[in-house]
*Asks:* 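First, the structure itself, so that you have it in front of you.
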Amino acid sequence: MCSSKVDMLPSAGLEVLGRLLYFTYNKDSNYFDDAKVSQLAQLDWTRSNPIWENNNLIRIDPNPKKPDKRYKLYTNANAVSGAVKALKDKLGWMENPSY
């Protein structure tokens, strides 16, 4: 768990989570894949997780005016899609259609 609310990803993180949960749902059986949901629950959803930096959802300001606010969050469609793709790759979920 993270130590404070400041560490968690805001709405962009929820959008990424929602898109990933979509890939855990089986419409034919009307259920979520428990194993995949468990994988999502085990992810580090804090801003300090390097996975977010690799897809430009978060960038670190090397010279922040306020040292406690060194993260810049990008919430545009490309950043969110990049985060979804990066996590699908990391989790081995590429059998699902791209977002």
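Just so you know, residue 1 is the first one in the sequence shown, and it goes up from there.
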*Asks:* Taking all atoms of both residues into account, what is the closest heavy-atom pair of A79 and N76, and its distance?
*Replies:*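 Minimum heavy-atom contact is N-OD1, 2.7 Å.
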*Asks:* Is there a donor-acceptor pair closer than 3.5 Å between any side-chain N or O of W45 and the backbone N or O of L14?
*Replies:*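 Not a single qualifying donor-acceptor pair exists.
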*Asks:* Quiz question: by atom type and distance under 3.5 Å, do the side chains of S11 and E15 form a donor-acceptor pair?
*Replies:*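 Distance-only check fails for S11 and E15.
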*Asks:* How long is the straight-line distance from OH of Y31 back to OG1 of T24, given to the nearest 0.5 Å?
*Replies:*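 Output value for this atom pair is 10.0 Å.
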*Asks:* Quick one: CD1 on I51 to CG on L43, what's the gap to the nearest 0.5 Å?
*Replies:*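 It is 8.5 Å, given to the nearest 0.5 Å.
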*Asks:* When you look at F23 and K36, which way does the side chain to side chain contact (heavy atoms under 4.5 Å, CB included) test go after all the steps?
*Replies:* CA-CA 9 Å; F23 289 106; K36 287 184 177 181; 5.7 Å; no
*Asks:* Is V80 reachable from Y74 through a run of I, L, V, M, F, W or Y residues, each pair having side-chain heavy atoms under 4.5 Å apart?
*Replies:*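 In one cluster with Y74: V80, no.
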*Asks:* With K69, which residues qualify under side chain to side chain contact (heavy atoms under 4.5 Å, CB included), at least two apart?
*Replies:*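 By the side chain to side chain contact (heavy atoms under 4.5 Å, CB included) rule, K69 matches K66.
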*Asks:* Which residues pass the side chain to side chain donor-acceptor pair (under 3.5 Å) test with D44, not counting sequence neighbours?
*Replies:*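 Applying side chain to side chain donor-acceptor pair (under 3.5 Å) to D44 gives T46.
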*Asks:* For K85, enumerate each residue passing the side chain to side chain donor-acceptor pair (under 3.5 Å) test, keeping only those at least two apart in sequence or located in another chain.
*Replies:*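 Applying side chain to side chain donor-acceptor pair (under 3.5 Å) to K85 gives D89.
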*Asks:* For the atom pair CG (L57) and CZ (R59), what is the distance rounded to the nearest 0.5 Å?
*Replies:*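 Here the interatomic distance stands at 10.0 Å.
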*Asks:* Return the minimal non-hydrogen interatomic distance between Q39 and L91, and the atom names on each side.
*Replies:*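 In terms of heavy atoms, the two residues are closest at NE2-O, 3.6 Å.
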*Asks:* Quick one: side chain to side chain donor-acceptor pair (under 3.5 Å) partners of S29, sequence neighbours excluded?
*Replies:*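 Result, side chain to side chain donor-acceptor pair (under 3.5 Å) vs S29: none returned.
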*Asks:* Once ring-ring contact (aromatic ring centres under 6.0 Å, His included) is applied, do any residues pair with F32, and if so which ones, sequence neighbours excluded?
*Replies:*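 For F32 the ring-ring contact (aromatic ring centres under 6.0 Å, His included) partners, ignoring immediate neighbours, are Y25.
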